[in-house]
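Report on the structure given below.
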Amino acid sequence: MASVDFDQFDSSSFNLFAFLGLRECRTWGLNQVRLKKRAHRSFGEMRRVVMGVMETSTTQNSSSGIMWFFRDKGFDDKSISEMFKKCKRLENVNRESASENWAYLESIGIQERKLPSVVSKCPKILTLGLHEKLVPTVECLATLGTKPREVASAIAKFPHILSHSVEEKLCPLLAFFEALGVPQKQLGKMILLNPRLISYSIDTKLKDIVDFLADLGLARDGMIGKVLVKNPFIMGYSVDKRLRPTAEFLKSFGLTEQGIQTVAIHFPEVLCRDVDKILRPNFDFLKRSGFEDGQIAALVTGYPPILIKSIHNSLEPRIKFLVEVMGRRIDEVTDYPDFFRHGLKKKVERRHKLLKQKTTIDCSLSEMLDCTQKKFLLKFGLA
């Protein structure tokens, strides 16, 4: 058996494994051919093992670096664990990249105290390429805003907006709203006010909302757009679970199609409220106060927020003051539903006290309240 020069192998992992293979072969007295085959096979196996170890080591180093980054930013172990569950790509992010992204987010106006919350909601932000993704997306969003820090505010509300594609999500969304008659100046306002819009599917989500509003009798070429601009959050609600049940409830006590349209156009937030938790309790309170269904329908048509105002802090004190202090009939407010809009302390009570100085004055609620303070004083000779 030919001798083997062990000095030809250096201390590298690959040659070391081959060296061990050769030594094992000589120990067992194998021939040179089998020795070379085994050494070659051992080399290949060791290469695969070492590459795996190197990859694992790189991942571990990255994970270790990002772990120290999170701890340095004040995250506890539970929060860190949750972020790793949300975003597996964090394992491959190094500390330097994460620091750059963090610093950039702070530089565009996101307050340092809010950054941990932003990153916790969407840890993927730290994995995005700074110049390839983050900067271009922020610059694009900046073209939609008109006020300083609007973009920063939108990102703080919904950090995932940075992970969506401008070409695949934002551009089609803008085109969709523009087709509904939303003015170009209002497009950016809508999206920055409710940045979650970018995550909604046009086909399976937004079109359902538009179809629902069209079924209420609103025109697709302008009126629906006005509703969406007034309350972009309406698009986050389910038609079947929230919006349609609310419309059906309004119909149940006599609100006409025109009345429901008035609610949708001027106070779309009423359509977004839960029937059983908010609308029905307010309706029941008005019934207990002495209003009939038809009167409540008139009140809601004239001042839709009456169904979502606080009973304890708004409705009850006003009705009590109207009847017990002002000595008026409760049905007077059906002719002037805006009575519930005026501030009780600052306007209603103050003007009632002034009118009491002129004992002969008899006026309606609208004459008393539907004017400026200056006109009120002049009208009743109180200036």
Side-chain angles (χ1 to χ4, degrees), residues 177 180-182 186 206-311 314-316 318-319 322-323 328-342 364-370:
F177 290 134
L180 291 171
V182 176
Q186 299 294 332
L206 300 183
K207 284 184 178 179
D208 283 352
I209 303 292
V210 171
D211 290 342
F212 166 75
L213 294 173
D215 289 342
L216 295 182
L218 302 180
R220 292 176 181 267
D221 59 351
M223 196 59 70
I224 290 178
K226 290 180 180 179
V227 172
L228 302 182
V229 168
K230 196 167 187 68
N231 186 8
F233 298 98
I234 193 174
M235 289 172 276
Y237 291 93
S238 165
V239 170
D240 294 328
K241 294 181 180 179
R242 179 59 59 85
L243 302 182
R244 187 170 288 116
T246 300
E248 293 301 320
F249 174 73
L250 296 176
K251 292 178 184 177
S252 71
F253 58 86
L255 216 65
T256 63
E257 181 177 302
Q258 186 177 0
I260 295 176
Q261 290 173 9
T262 299
V263 172
I265 294 169
H266 298 292
F267 293 94
E269 58 268 31
V270 173
L271 291 175
C272 303
R273 295 298 192 271
D274 186 275
V275 170
D276 294 324
K277 292 181 180 179
I278 298 177
L279 304 188
R280 197 182 305 279
N282 279 33
F283 174 82
D284 291 342
F285 169 76
L286 293 172
K287 287 281 284 186
R288 292 194 305 272
S289 298
F291 294 103
E292 299 296 331
D293 284 9
Q295 291 176 316
I296 296 175
L299 288 172
V300 173
T301 302
Y303 185 62
I306 197 170
L307 281 180
I308 60 176
K309 288 284 187 178
S310 167
I311 294 174
S314 181
L315 302 185
E316 189 172 25
R318 281 170 172 76
I319 290 176
L322 175 78
V323 176
R328 293 177 179 264
R329 301 186 319 276
I330 196 169
D331 59 0
E332 285 191 55
V333 295
T334 59
D335 296 325
Y336 186 63
D338 274 340
F339 170 77
F340 293 97
R341 174 174 63 85
H342 298 292
S364 67
L365 290 174
S366 61
E367 290 173 331
M368 171 185 170
L369 299 169
D370 200 16

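We use all heavy atoms of the structure for the numbers below, so side chains are in, but hydrogens, waters and symmetry mates are not. From a predicted model like this one, the values you see are computed outputs, not experimental measurements.
Residue pairs meeting the salt bridge (Lys or Arg N to Asp or Glu O under 4.0 Å) criterion with at least one member in residues 297-306, sequence neighbours excluded, do not occur.
The aromatic ring centres of Y237 and F233 sit 6.0 Å or more apart.
Separating the CZ atom in R280 from the OG atom in S252 is a distance of 7.0 Å, to the nearest 0.5 Å. Between the CD atom in E367 and the OH atom in Y336 there is a gap of 11.0 Å [rounded to 0.5 Å]. Atom CD of E248 sits about 9.5 Å away from atom CG of L250, to the nearest 0.5 Å. L213 contributes atom CG, which lies 11.0 Å from atom CG of D208 (distance to the nearest 0.5 angstrom). Note: D215 CG to I260 CD1 = 12.0 Å, rounded to the nearest 0.5 Å. The CG atom of L365 sits 8.5 Å away from atom CG of D335, with the distance rounded to the nearest 0.5 Å.
Side-chain contact, T246 with R242: no donor N or O sits under 3.5 Å from an acceptor N or O.
M235 has its side chain within reach of F177: a pair of non-hydrogen atoms, C-beta onward, lies under 4.5 Å apart. Looking only at side-chain heavy atoms (C-beta outward), L255 and Q261 stay at 4.5 Å or farther from each other.
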Please set out all donor-acceptor pairs under 3.5 angstrom arising from side-chain atoms of residues 293-309, sequence neighbours excluded.
unit_1	atom_1	unit_2	atom_2	d
D293	OD1	K287	NZ	2.9
Q295	OE1	E292	N	2.9
T301	OG1	A297	O	2.8

Quiz: residues 264-275 side-chain donor-acceptor pairs under 3.5 angstrom, not counting sequence neighbours:
unit_1	atom_1	unit_2	atom_2	d
R273	NH1	E269	O	3.3
D274	OD1	D276	N	3.0
D274	OD1	K277	N	2.8

Yes or no on side chain to side chain contact (heavy atoms under 4.5 Å, CB included) for L243 and I209, after CA distance, side-chain angles and deciding distance? CA-CA 9 Å; L243 302 182; I209 303 292; 3.7 Å; yes

Yes or no on side chain to side chain contact (heavy atoms under 4.5 Å, CB included) for L228 and L180, after CA distance, side-chain angles and deciding distance? CA-CA 9 Å; L228 302 182; L180 291 171; 3.8 Å; yes

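Contact record, H342 with R318: O-NH2, 2.9 Å, taken as the closest heavy-atom pair. What you find for L216 and A247 is that their closest heavy atoms are CD2-CB, 4.3 Å.
Side chain of E332 to main chain of S364: no donor-acceptor pair is present (N/O by atom type, distance under 3.5 Å, no hydrogens or angles). No side-chain donor-acceptor contact under 3.5 Å links R244 to the backbone of F212.
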